Amino acid sequence: MFAAHLAAGLAIKAGQRRVPAWAVLTGAFLPDLLWIALAGAGIEPTSDAAYFDGWSHSVASIMIQAVLFALCFHRLGRPVMLAMGLAVFSHLPLDALIHPKPLEFWPHSPILLGQSTWAWGQIHSALGKARYWWIQLAIVIPLLGFYWYRAAGRKLPPNLAAASCLLVLGLHLAF
């Protein structure tokens, strides 16, 4: 869900102009960045048989990441901190829709968020794209629409806003 995380970061940036773009986009990907580090260290295995990402993608982990990441921006004020926390937290509902396995409430928790619909989402539609691709597109378009609308109201150069939207849509098309 690369494009949806980017679109969420851009939408949050559009809602709070004082938020550094690099930081809000990093926040939107923070659980995935942590997952890459933990998978590389062998803590969160990535094989289909042993797949586990509870340390990076559980509800508790994402909440902790959101709070800690937001605290890093305390000097920029409460609105920026809230936006940064929201950027990290946005990862949870976006991933809950299309995650390979239901998200745990905490690592190794018996309580799960979401359903195991991975096989359903991988089915290709008549138009050649998997169902998850269409779900992600349905998320990306309104988020980019909000970004575009707010960018125009804030006098962001239209070419910069258009380039951002085209980059996110291009990534979605590519993946």
Side-chain angles (χ1 to χ4, degrees), residues 1-109 112-114 118 121-122 130 132-133 135-137 139-140 143-144 146-147 163-175:
M1 181 161 279
F2 302 112
H5 294 313
L6 283 172
L10 288 174
I12 293 167
K13 169 64 179 160
Q16 178 51 254
R17 97 173 16 169
R18 293 187 56 223
V19 169
W22 69 267
V24 75
L25 294 173
T26 300
F29 277 102
L30 190 60
D32 285 340
L33 297 173
L34 179 59
W35 176 76
I36 290 167
L38 294 175
I43 296 169
E44 290 191 347
T46 59
S47 70
D48 288 341
Y51 183 85
F52 173 76
D53 64 354
W55 293 108
S56 61
H57 280 74
S58 68
V59 174
S61 173
I62 290 175
M63 296 296 289
I64 291 167
Q65 291 174 62
V67 169
L68 293 176
F69 193 71
L71 287 173
C72 293
F73 298 90
H74 72 280
R75 291 188 178 170
L76 296 178
R78 186 172 289 170
V80 171
M81 287 177 59
L82 289 172
M84 291 303 187
L86 178 62
V88 177
F89 181 78
S90 73
H91 204 92
L92 184 64
L94 293 174
D95 269 15
L97 294 172
I98 66 157
H99 208 257
K101 292 188 177 180
L103 299 173
E104 301 169 335
F105 267 75
W106 58 85
H108 303 291
S109 167
L112 304 174
L113 174 68
W118 186 248
Q122 296 299 327
Y132 280 147
W133 189 90
I135 291 170
Q136 291 179 57
L137 184 64
I139 292 167
V140 166
L143 288 171
L144 289 179
F146 177 78
Y147 168 71
S164 300
C165 291
L166 288 174
L167 175 66
V168 172
L169 287 171
L171 283 172
H172 182 66
L173 290 171
F175 296 102

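Quantities reported herein were computed from a predicted structural model and do not represent experimental measurements.
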Original post:
Looking at side-chain heavy atoms only, is the closest gap between H91 and L30 below 4.5 Å?
Top reply: no
**OP:** Would you mind reporting whether P79 and R17 have side-chain heavy atoms less than 4.5 Å apart?
**Re:** no
Original post:
Would you call M63 and V88 a side-chain contact if the rule is heavy atoms closer than 4.5 Å?
Top reply: no
Subject >> Validation row: L86, Q16 side chains within 4.5 angstrom (heavy atoms) >> reply: no
Subject >> Atom pair CG (L6) and OH (Y147), whose distance is rounded to the nearest 0.5 Å >> reply: 11.5 Å
**OP:** Check for a donor-acceptor pair, side chain of K101 on one end and backbone N or O of F52 on the other, with a separation under 3.5 Å.
**Re:** no
Original post:
Okay, side chain of Q65, backbone of S56: is any donor-acceptor separation there less than 3.5 Å?
Top reply: yes
Original post:
Closest heavy-atom contact between V168 and A3?
Top reply: CG1-O, 3.5 Å
Original post:
Are E104 and V59 close enough that some pair of their side-chain heavy atoms sits under 4.5 Å apart?
Top reply: no
Original post:
Where the side chain of E44 meets the backbone of W55, is there a donor-acceptor pair that is under 3.5 Å apart?
Top reply: yes
Original post:
Are any side-chain N or O atoms of H5 and backbone N or O atoms of F2, one a donor and one an acceptor, separated by less than 3.5 Å?
Top reply: no
Subject >> Derivation and outcome, side chain to side chain contact (heavy atoms under 4.5 Å, CB included), residues L10 and L143 >> reply: CA-CA 8 Å; L10 288 174; L143 288 171; over 6 Å; no
**OP:** Search all heavy atoms of G85 against all heavy atoms of A70 and return the closest pair with its distance.
**Re:** N-CB, 3.9 Å
Subject >> Any side-chain heavy-atom pair of L76 and M81 under 4.5 Å >> reply: no
